[in-house]
Each structure stands twice: as structure tokens, then as C-alpha cells.
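Single-structure report; data block below.
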2 protein chains.
Amino acid sequence: MPTLTANRQWDTRRAEKRRRQALGARFADGKVVPTGDIVPFLEAVTAPHDRVVLEGNNQKQADFLSRSLAEVDPGRIHDLHMIIPSVSRVEHLDLFERGIARKLDFAYAGAQSLRISQFLADGQLEVGAIHTYIELYSRLYVDLTPQVVLIAGYKADREGNLYTGASTEDTPALVEAAAFRDGIVIAQVNEIVDDPADMPRVDIPGSWIDYVVQADKPFFCEPLFTRDPRLIKPVHVLMAMMAIRGIYERHNVQSLNHGIGFNTAAIELILPTYGEKLGLKGKICKYWTLNPHPTLIPAIESGWVESVHSFGSELGMENYVAARPDVFFTGADGSMRSNRAICQLAGQYAVDLFIGSTLQIDGDGHSSTVTRGRLSGFGGAPNMGHNPGGRRHATPAWLDLIETDDPLARGRKLVVQMVETFQAGGKPTFVESMDAVQVAKDSGMPLAPVMIYGDDVTHVLTEEGIAYLYKARSLEERRRMIAAVAGVTPIGLRHDPATTRQMRTDGLIALPEDLGVHRGEATRSLLAAKSMADLVEWSGGLYEPPARFRSW
Amino acid sequence: MPTLTANRQWDTRRAEKRRRQALGARFADGKVVPTGDIVPFLEAVTAPHDRVVLEGNNQKQADFLSRSLAEVDPGRIHDLHMIIPSVSRVEHLDLFERGIARKLDFAYAGAQSLRISQFLADGQLEVGAIHTYIELYSRLYVDLTPQVVLIAGYKADREGNLYTGASTEDTPALVEAAAFRDGIVIAQVNEIVDDPADMPRVDIPGSWIDYVVQADKPFFCEPLFTRDPRLIKPVHVLMAMMAIRGIYERHNVQSLNHGIGFNTAAIELILPTYGEKLGLKGKICKYWTLNPHPTLIPAIESGWVESVHSFGSELGMENYVAARPDVFFTGADGSMRSNRAICQLAGQYAVDLFIGSTLQIDGDGHSSTVTRGRLSGFGGAPNMGHNPGGRRHATPAWLDLIETDDPLARGRKLVVQMVETFQAGGKPTFVESMDAVQVAKDSGMPLAPVMIYGDDVTHVLTEEGIAYLYKARSLEERRRMIAAVAGVTPIGLRHDPATTRQMRTDGLIALPEDLGVHRGEATRSLLAAKSMADLVEWSGGLYEPPARFRSW
């Protein structure tokens with residue numbers, strides 16, 4: 001038997017945590033850190049080269065903690081390895097500019113994507129990898145276990161019990177990784193209550209949270225999923241009608257995830273009109289995984305929706321959600337509970353269909369939202385927008401996509417790309433080569449940042465028609481089908497009218513008239529709500545749109 | 001605007017929960033249900049046709065609650081729709097025999113698989129679907145939201161705060177689905193403490209748990225992952241050597257999941273000997289997602305293992321795990337925390353390699369553990385044993401499997417099937433057609449219960465050699481590669497010696513000698529531990545094997 005490593009210490013992480021807690025004790029009263037002491041406190045409990053998770057979330061931001069971390073002395077705290085699901089605040093990158101942080105692992109970067117690219121080019125920042133959300137959470141339990149986790153909640157008591165508010169989002173997945181491997185968890189909250197009985201509910205037990213600090217102002221939370229119905233155009237209505245007839249009805253779609261474009265908002269808004277007229281209520285679109293989109297209100301109110309499980313929340317929807325507990329997931333206190341990790345799982349493994357939009361699609365059907373000069377990342381679309389090979393249970397829609405008699409054939413998840421052939425500004429959606437390919441070369445990325453791969457896409461829906469890509473028997477045929485619905489883009493111009501006719505006959509593609517969709521009917525009058533005010537009315541006044549969406 | 005459903009009640013679930021809680025109140029003292037009153041209490045808070053989740057877990061069983069549910073009056077409680085991740089107790093099926101339950105959704109059935117098939121044939125039971133674990137959890141948040149959830153924990157206080165013990169396993173995923181959609185959560189525990197300060201830690205907050213009941217005896221927990229090194233044969237050692245040289249070293253595997261066979265136990269046990277001699281310590285196999293296998297102890301003690309995140313726990317490993325917090329995930333109390341949902345995610349998205357065994361592989365590389373007359377289900381292998389198309393981050397091993405120059409090429413997860421060409425009893429592992437195909441026909445299943453599909457398998461490793469299937473350029477070539485390592489099975493007899501020679505030259509397959517693996521060296525003397533007693537010794541006496549594994 002080889003020699004045992006008899007003298008090895010097996011609790012170095014725990015000992016290090018205790019050492020830091022001893023240093024932090026002079027600033028903290030038990031678990032409570034005074035607001036004004038947060039910077040020296042962070043300097044005490046953090047160390048150079050730490051892996052630090054920062055809740056830069058899709059909507060909810062631990063912004064007091066990120067601003068405070070950006071103020072620590074880079075002479076003391078430097079070379080941090082930041083793990084930020086969504087890089088969305090200026091100070092997220094200030095950390096790198098000031099030399100406090102060095103390496104970044106992330107999943108999504110919206111407003112900061114341009115600056116990440118610049119920092120990368122300037123050598124101010126090193127990217128570990130760009131992930132999807134769920135991959136990034138997973139790695140926290142494997143090779144990226146953090147020393148420090150900085151998160152945001154709504155309310156805490158002095159024992160650390162945490163109420164996240166409706167935007168629970170990523171918080172549980174981030175906290176557990178540190179709480180059970182001797183990391184330090186620090187929560188900023190809007191309010192600290194003395195009496196645990198004043199907590200609306202507990203989302204995360206106090207023993208998982210090491211410190212709480214009241215933020216200087218409430219955490220930032222962004223309304224990302226609100227689409228004003230006024231901006232929905234007749235072409236969106238036409239495409240929505242095609243989606244309902246040519247995909248949802250045809251394949252018997254029961255459960256689904258919608259993206260955040262005006263196209264899918266149009267689908268949500270014509271279910272109570274067009275969908276009702278077709279007699280589809282109670283037959284399709286019953287179970288949803290998505291944030292509480294305001295444009296879903298009319299469908300909910302008219303009885304289409306059995307349940308909605310959400311990744312995050314949406315500003316203004318709090319009271320409406322709380323008043324509809326049969327539909328939404330809410331706690332014993334009545335307020336919403338979201339959970340991004342669980343909803344990503346559900347969106348991957350438990351729904352029939354994902355439908356989303358994109359900026360560019362190439363001739364093979366690969367798509368990306370990445371444009372030149374921007375490292376914007378992936379978010380969650382690649383997980384929901386692929387056919388999970390690990391799925392084993394069957395549903396009617398899933399089985400409906402089997403095209404062979406092979407007893408080992410599997411069903412498929414419906415992955416729909418719903419795009420106009422041209423983007424705003426006249427840029428073609430269908431392109432010879434995605435910008436993503438060049439971005440990968442320019443940035444030295446090991447892979448082109450493709451959002452959804454062509455072989456995962458089952459349907460492409462444009463204003464021209466639907467290409468039923470899952471029926472393609474070869475890559476060549478898939479290309480022809482895409483070209484047939486790609487309009488007058490460079491890819492669309494490749495199409496051969498004779499081939500297109502034959503493909504219509506063979507059911508490989510369908511134009512609106514093939515689906516019984518009347519172009520003349522595709523007007524805004526089909527929208528169950530035509531404005532934000534209509535949505536408020538549908539909600540019985542429960543929905544309270546953020547100011548920027550109000551015109552009254 | 002269509003008419004609002006103005007009179008609709010939107011909190012029917014909450015009202016129904018309150019109605020039932022009022023009925024249950026006569027048996028309960030606050031949240032505490034007396035042990036002797038559990039049967040009438042269940043009759044009060046359950047209703048016919050309910051969806052009831054029962055924590056029949058991989059290891060941990062809510063067996064007091066399942067035995068009690070099987071005693072309710074079928075005249076009052078009937079036609080339940082049971083959702084049981086792992087159907088493993090006799091009483092799980094007694095529910096159907098007695099008419100209390102009617103429909104079953106599940107993920108795995110070990111000992112009860114034969115009886116499920118019989119009940120199905122007799123019309124006593126209707127199967128919703130057979131899932132993987134993670135799909136089943138997902139559906140709890142979409143179309144299978146439960147009315148009642150029955151789970152097991154180690155300890156609770158009178159407020160419902162729950163300590164699950166080391167086998168946290170499925171509990172959080174099951175509870176959240178009910179706690180946030182007005183379902184009723186009932187936890188059996190081994191002990192109820194009066195003072196919350198006597199809780200070792202809180203795994204689930206009290207506000208998520210409606211009732212706690214002290215079980216008549218501690219919950220059943222099965223040691224499923226203990227393999228006695230005495231049963232490891234020289235052929236396993238040979239195959240383990242090939243795995244290390246021909247796969248782990250070659251592809252630079254950093255993070256991995258091991259199955260529970262003697263083959264993979266052999267790998268674990270020769271890392272400190274053979275792996276050390278090759279100079280691989282600290283270079284491969286650092287991050288693990290697996291239960292605390294006792295056979296991993298020598299590798300941990302000799303410094304191979306950076307971290308282990310676990311699906312569940314393993315009886316006898318409690319003290320060892322608690323003494324190695326740098327390696328395992330443990331709570332503030334020092335005891336282990338597992339989490340099957342998170343570990344399944346990590347095993348799917350965050351590791352380089354899955355390696356497992358199976359009972360049958362067909363000529364195309366499809367495999368299954370299903371044998372005639374048994375509906376045994378899937379567990380978690382299909383999720384870890386596939387190439388997740390939603391993955392976007394790169395690792396060296398993942399990139400190493402790219403075989404083209406296509407800028408849109410992706411890496412692949414390593415999915416290894418490690419099997420002897422014949423099973424015990426002389427049954428061939430490589431077969432013309434898997435029993436699973438016939439089982440599907442006989443049971444009217446919509447799909448054959450394939451565990452891992454051939455196109456997901458990257459390597460087949462037998463005592464003959466390794467087939468590098470990810471290099472196959474066609475299905476025909478994949479078949480030839482499989483035949484070349486399938487020995488004298490019906491599939492193996494198809495191989496053509498000339499082709500095999502050419503495939504060795506081309507690097508499509510490798511025999512031990514091609515890998516520098518000396519057959520003569522493949523003896524049990526390479527095993528770092530040759531018996532359970534050796535494992536105990538390696539652990540410094542911390543590992544306490546269950547009685548059935550002890551020979552001293």
C-alpha cells in the first residue's frame with residue numbers, strides 16, 4: 001500500500017474561512033455588516049486570486065456589493081477570478097480596469113459586451129469561458145467552487161435568513177456552492193428585520209448565509225421582458241397566425257417556452273382572439289416556462305394558461321402574479337418565487353417547444369445574436385434551443401417529429417426560429433456567414449459563439465412561410481428549405497421556384513395559404529391588447545407598468 | 001376586447017389546501033403530526049385523483065409515509081397519480097394493488113421492476129411515462145405539479161425546519177414544486193427537536209414544510225455504491241489500465257463521473273499505483289461528480305482528488321466525508337450535503353467524461369440495461385451519458401474530440417462504455433438486438449428504453465481494446481469499430497481481421513499493446529486496496545462499512 005499522506009490537513013478551506021471571519025469580525029455585529037463598513041469588510045474577508053461569484057443576474061443585481069468591491073484597495077485585493085452570470089453593470093468591468101480582478105467567467109453580457117471585447121483586446125481581462133447559465137452554475141460544484149459569493153435579496157433577519165423577493169432567480173444555485181464548501185456568502189438586502197417573524201418567507205436558510213448588509217439603495221432590477229403591444233406590426237401578427245396553425249396546432253404543443261421578441265408577444269396576444277376562433281383553447285399552450293410577460297395577461301385572463309414557471313420576475317407584475325396563484329409559483333406569503341436553475345431545467349427537459357428569434361441565420365440554419373465587436377454570451381437560449389439527447393419521456397408533440405419506422409427512433413424537441421427575413425435597418429437576417437465566425441477568430445475564442453445550431457432547429461418561420469427542417473433528409477435539403485423561406489436575402493435568392501413548389505407539395509415547407517392563414521386577416525385588430533393601457537385593463541389594474549412604458 | 005373571466009376564482013389551489021389543512025388540524029399539533037395518527041391524517045389531507053410525489057429516492061426512502069399511505073381506506077382515497085423517482089419498496093406497488101393509486105410516473109425501478117411489468121400487463125397500473133430523474137423533477141414545475149409531497153429527513157424542529165442528513169438527494173427538488181404552488185408537504189423524520197438550536201443545520205426552510213411526523217423507525221437508506229475490492233478481477237484491472245492510458249491521459253480528462261461497476265472501481269483503485277507510476281497525479285481526474293464511493297478513498301488519501309460533488313451519500317462513509325471537507329461538500333455542521341438535481345446538472349454540463357457499464361450493446365452502439373419482463377427505467381445515466389447539445393464552454397478534453405477544421409465544429413463530451421464482451425453466465429454483451437426493443441413492443445411503450453444511444457457513445461472499451469467511435473466517419477465504420485472490440489460475441493464475429501489491422505493503423509481502434517499497456521502487469525496486485533479492510537485502513541478507520549460488507 002502506498003504511503004498515506006498522513007500529515008495532510010483536510011480542512012484548509014474551513015480554516016481559511018475562519019481566519020477571514022476573524023479578520024472581518026471587527027466590522028460585523030454577528031452576521032450584520034454596517035452599510036458604511038462594507039469596503040473594509042470586503043478587504044478583510046477576500047484575498048488575492050479568490051474565485052468570487054457576483055450576482056450579476058439577468059434582472060436582479062447585487063449592485064451595492066459590486067460597487068463596493070470596485071472600491072477595495074487593489075494593492076490588497078487583486079487578481080480576483082470573477083464569476084458573473086450576467087455582466088451588466090459598469091462596475092463589473094471597473095473591477096478589471098482597477099486591477100482588482102483579472103479573470104472572468106460569465107454567461108451573458110448585454111450592455112457591457114463591447115467593453116469586454118475591448119478589455120480583452122487590451123489584455124486587461126482574461127476570459128475563462130463563455131457559458132450558458134446552467135453550465136456556469138454547474139461548474140460552481142465542480143472546478144469553479146468559489147471562495148466568496150456576493151448576492152442580493154429583498155429582506156433578511158439578523159440570523160441571515162433570506163427573502164429574495166419575486167426575483168429569486170440565480171440566488172439559490174450560487175449560494176449553495178459556497179455554503180457547502182466553506183465559502184463565504186454575503187447578501188445585500190434592502191432591509192434587515194430584527195424579528196424573524198417579520199420575514200415574509202425564507203428562500204434561503206440563515207445557516208447558508210454568513211453576512212448580511214443593508215444596501216445604500218434597493219437592488220437594481222431591470223424590466224427586460226416587457227414588450228409594448230403598440231410596437232407589434234401586422235407582419236408579426238401574420239407570423240403569429242402561422243405559428244399557431246402550422247406548428248402549435250399541427251404538432252399538438254402543450255408546453256412551451258417563448259423568447260422575448262415582438263413575434264412571440266404577438267402569439268401571446270392573438271391566442272384569445274385567433275386561437276379562440278380556431279377552437280384551440282384548452283387544447284394547446286397550457287403549460288409555460290417563461291418570465292411573467294405582461295403580454296401573456298390576456299391569455300391568462302381568458303383561461304388559456306394552466307401554469308407558468310419563471311426564470312426570474314418582471315417589474316410591475318408583482319401584484320398581478322400574487323393575485324393569480326393558480327397560475328404562477330408563489331410562496332406561503334403570496335409573493336412570487338422564481339428559480340432560474342429549475343426553470344432552465346424545465347425549459348430544457350419538460351416542454352414540447354422553444355420558440356425564439358435571432359439576428360443572423362446562415363444557409364445551414366445556424367444562428368447567433370453575436371455581432372462584430374461584441375462578446376455578448378449565451379444566456380439560456382442554447383439550453384432551451386436544442387434537442388436534449390438525454391430526454392427519455394414522450395409527449396405527443398415530441399413523438400410527432402419522428403419521421404422513420406426505426407424502433408429506436410426518438411422524438412424531438414420543437415426548436416423554432418421565428419424571424420423576419422430582414423432586420424430593422426434593412427440588414428438581412430439570412431446571411432452567407434454569421435458575424436459570430438469572425439468574432440471567434442478576432443477574439444481567439446476556441447469556438448464560434450453560435451446560439452443555436454442548425455441541426456437542432458426543427459422549424460424556421462418567416463413572413464414567407466414555414467420550413468419544416470426536421471423533415472430534411474440531408475443537409476442539402478435543409479439548405480433548400482431554408483432558402484425557400486428566406487425571402488430576398490442572399491440566402492433566399494438561392495432558391496429555385498420549381499424546387500419550392502415541389503417542397504410545398506411534399507409538405508417540407510408551407511406558405512400562409514397552405515396553412516389556411518389569410519394574409520388579409522393579419523392586422524393589429526387581432527391583438528387582444530394593443531397598448532400597455534389595454535394590458536393594465538385586462539389585468540384589472542393589477543399590472544403596474546414601469547414609468548418608461550406608460551404613455552398616460 | 002374579449003370578455004374577462006371576471007368571476008373566475010384564481011386561488012383554487014390555495015383554498016383547497018386550506019380546506020384540507022382544516023380537516024387535518026384535528027390530528028396535528030401545529031405542524032407536528034403524532035406518529036400513530038398518520039394514517040387518518042393522510043386520509044384527511046389527500047383526495048382522490050391527487051398527484052402525490054413520494055420520495056422513493058435512489059437511496060433514501062420515505063418508507064414510513066409510503067407504508068402509511070398504503071394503509072389508507074381505498075374507499076376514501078383512490079386513483080392517486082403517484083410520482084416516485086425511484087420505485088424501490090414493496091409498498092410502492094401495494095398502493096396500486098389496493099386501488100389507492102392508479103397512475104405512475106417514475107424514473108427508476110430496481111427491485112420492483114418485474115412487479116411493475118406484471119401490474120401493467122394486468123391493467124392494475126397505468127404508466128404515465130418513464131423518465132430520467134432530472135426530467136421528472138422538471139415536470140413537477142410544468143405539467144405534473146403535485147397536490148401532496150411526501151419526503152424523508154433526518155431531523156426537524158416544530159416549525160418544520162428540516163435537516164435532511166447527508167442524503168439530501170432529491171428532497172429540495174421535490175419540495176419546492178409543492179411549497180410554491182400550494183401543495184402540501186409532509187416530512188417524516190427520525191427525530192423532532194423542540195429547540196431550533198438543536199438542529200445541526202437547515203437544509204429546507206420551515207416555511208416550505210407543512211407537516212412533520214416522527215417515523216416509527218429511521219428511514220431506510222441503502223448502500224448502493226459500495227464495491228468490495230475482493231471481487232475485482234484481473235480483467236477489470238486490464239481494462240482500467242486501458243482507460244487511464246487510452247482515454248484519460250490521451251484526452252486530458254480533468255473532470256468526470258464514474259458508474260458503479262467493478263470496472264470503474266478498478267480505475268479508482270489503480271490511480272494511486274499505476275496512475276502514479278505514469279506521473280499522472282495532479283494532471284488528470286481532479287474533479288468528480290459521484291457518490292462517495294469507498295473505492296475512491298485511496299485516490300483521495302494519496303492526493304488525486306480536488307473535489308467530489310455527490311448525487312446522494314453512501315452508508316458508512318459519513319465520518320470519512322465529514323473529516324475531508326476540502327474534498328466533499330459539507331455543511332456548517334460538518335456533515336455532508338448531497339443534491340441529486342444539482343449533481344445531475346454538473347454531471348451533464350460540467351464534466352469532461354462519463355464512463356459506465358451496461359448489460360447489452362447492439363452493433364450500432366446503442367445500449368440498455370433493460371432485460372425482458374422488467375421495466376427498470378433510466379435513473380440518471382442517459383443525462384450524463386449523452387453529448388449535451390446545449391453546452392457552449394470548452395475544455396481541453398471536450399475540444400480534443402473535434403475531428404474537422406469546420407469553424408462551426410463543436411467539442412464533445414466523452415461518453416465511454418466500459419464492458420466485458422460477455423456478462424456473468426456467458427451471456428454476450430454485444431447482441432444483434434437489445435431486449436429493450438422487445439420490451440417496448442410487449443409493454444406498448446412509445447419508445448424502446450435505450451439507456452445510451454450509439455451516436456452519443458465516443459468510446460467502447462472492452463478487454464479486447466478501445467474503439468474510438470467519435471472518429472467514425474459513417475455508421476458503417478462505427479459498426480466495424482464496435483465489431484473489432486466485441487470479442488467472440490455475435491457482433492464480434494462479424495469483424496474482418498484485415499479491416500481491424502487497418503483500423504489499428506489508422507488509430508480508430510487500439511489494443512492494449514497499442515497503448516503501451518502490458519497484459520502481464522494487469523493483476524490484482526495493482527489495486528491500492530484489495531479488500532474492504534484495506535479501504536478501512538486507508539481511511540484511518542473513518543470508513544465504517546455496513547455489516548454485509550464486513551468479513552472480520
Side-chain angles (χ1 to χ4, degrees), chain A residues 2 4-5 10-14 129 131-132 134-135 138-139 141-143 145 180-182 201-202 205 207 255 272 287 301-303 307 309 323-326 329-332 337 342 345-346 349-351 366 378 382-383 386-387 389-394 399 407-408 437 446-448 450 456, chain B residues 2 4-5 10-14 129 131-132 134-135 138-139 141-143 145 180-182 201-202 205 207 255 272 287 301-303 307 309 323-326 329-332 337 342 345-346 349-351 366 378 382-383 386-387 389-394 399 407-408 437 446-448 450 456:
Chain A
L4 299 183
T5 51
W10 292 96
D11 60 353
T12 59
R13 298 177 69 98
R14 188 170 297 163
H131 309 75
T132 61
I134 212 160
E135 285 166 57
S138 299
R139 289 189 68 190
Y141 298 84
V142 180
D143 60 341
T145 314
F180 292 93
R181 204 147 179 256
D182 293 313
R201 68 172 192 245
V202 176
S207 63
S255 49
Y287 308 102
E301 293 300 306
S302 45
S307 74
H309 189 264
R324 300 289 179 268
D326 277 357
F329 282 71
T330 57
R337 161 100 170 176
I342 284 178
L345 264 188
Y349 272 123
V351 302
H366 303 301
F378 298 110
N383 307 121
H386 84 288
N387 181 44
R391 174 169 168 169
R392 291 294 180 272
H393 78 279
L399 291 172
L408 294 181
V437 175
L447 295 173
V450 174
D456 277 319
Chain B
L4 299 182
T5 51
W10 291 98
D11 62 351
T12 58
R13 298 177 70 97
R14 188 171 297 163
H131 309 74
T132 61
I134 212 160
E135 286 165 56
S138 299
R139 289 190 67 192
Y141 297 84
V142 180
D143 59 342
T145 314
F180 292 93
R181 205 149 178 254
D182 292 313
R201 68 170 192 244
V202 176
S207 63
S255 50
Y287 308 102
E301 293 300 306
S302 44
S307 76
H309 189 265
R324 298 291 179 267
D326 277 356
F329 281 70
T330 56
R337 160 100 172 178
I342 284 178
L345 264 189
Y349 273 123
V351 302
H366 303 302
F378 298 109
N383 306 120
H386 85 288
N387 180 43
R391 173 169 169 171
R392 292 293 180 272
H393 78 278
L399 290 172
L408 294 180
V437 175
L447 295 172
V450 174
D456 277 319

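Throughout, a chain's letter reflects where its sequence line sits, starting with A, and its residues are numbered from 1. Nothing here was measured: the structure is a model prediction, and the numbers come from that model.
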Given A:F378 and B:R391, is the side-chain contact (heavy atoms from CB on, under 4.5 Å) satisfied, shown in steps? CA-CA 10 Å; A:F378 298 110; B:R391 173 169 169 171; over 6 Å; no
Contacting moiety of A:L345, where chain B heavy atoms sit under 4.5 Å: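 Its backbone and side chain both get close to chain B.
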What part of A:H386 gets within 4.5 angstrom of chain B, counting heavy atoms only: side chain, backbone, both, or neither?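 Side chain only.
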Below 4.5 Å, heavy-atom pairs only: which of B:I342, B:T132, B:L399 has the largest tally toward chain A?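 Result: the option with the highest number of such pairs is B:I342.
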Taking [X] for the side chain and [Y] for the main chain, is one N or O donor matched with an acceptor at less than 3.5 Å?
X      : Y      : answer
A:D11  : B:P325 : no
B:E135 : A:R392 : yes
A:S307 : B:V142 : yes

Of all heavy-atom pairs between [X] and [Y], which one has the smallest distance, and what is that distance?
X      : Y      : value
B:V437 : A:P407 : CG1-CB, 4.2 Å
B:S138 : A:A350 : CB-CB, 3.6 Å
A:N383 : B:G390 : ND2-O, 3.2 Å
B:G389 : A:D456 : O-OD2, 4.4 Å

For the candidates A:H131, A:R324, A:R201, which exhibits the highest count of non-hydrogen atom pairs separated by less than 4.5 Å from chain B?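 Sorted descending by pairs with chain B, the first entry is A:R324.
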Most heavy-atom pairs under 4.5 angstrom with chain B, which of A:P205, A:A332, A:A129?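 The candidate making the most pairs under 4.5 Å is A:P205.
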With A:V450, which residues qualify under side-chain contact (heavy atoms from CB on, under 4.5 Å), at least two apart?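 Partners of A:V450 by the side-chain contact (heavy atoms from CB on, under 4.5 Å) criterion, ordered by chain and then number, come out as A:H366, A:M434, A:A448, A:Y453, B:L408.
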Compute whether any side-chain donor of one residue and acceptor of the other, for B:T12 and A:D326, lie under 3.5 angstrom apart.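 The answer is yes; a qualifying pair exists.
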A:T330: which of B:R14, B:R181, B:R13 passes side chain to side chain donor-acceptor pair (under 3.5 Å):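 With A:T330 as partner, B:R14, B:R181, B:R13 yield a single side chain to side chain donor-acceptor pair (under 3.5 Å), made by B:R14.
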Output all residues satisfying ring pair (Phe, Tyr, Trp, His ring centres under 6.0 Å) with B:F329, sequence neighbours left out; order by chain, then residue number.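 A:Y141, B:H309.
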Is any side-chain heavy atom of B:S255 less than 4.5 Å from a side-chain heavy atom of A:D143?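 No. Closest side-chain heavy atoms not under 4.5 Å.
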Report the C-alpha distance between B:Y287 and A:R139 in whole Å, list the side-chain angles of each, state the deciding distance to 0.1 Å, and finish with yes or no for side-chain contact (heavy atoms from CB on, under 4.5 Å). CA-CA 10 Å; B:Y287 308 102; A:R139 289 189 68 190; over 6 Å; no
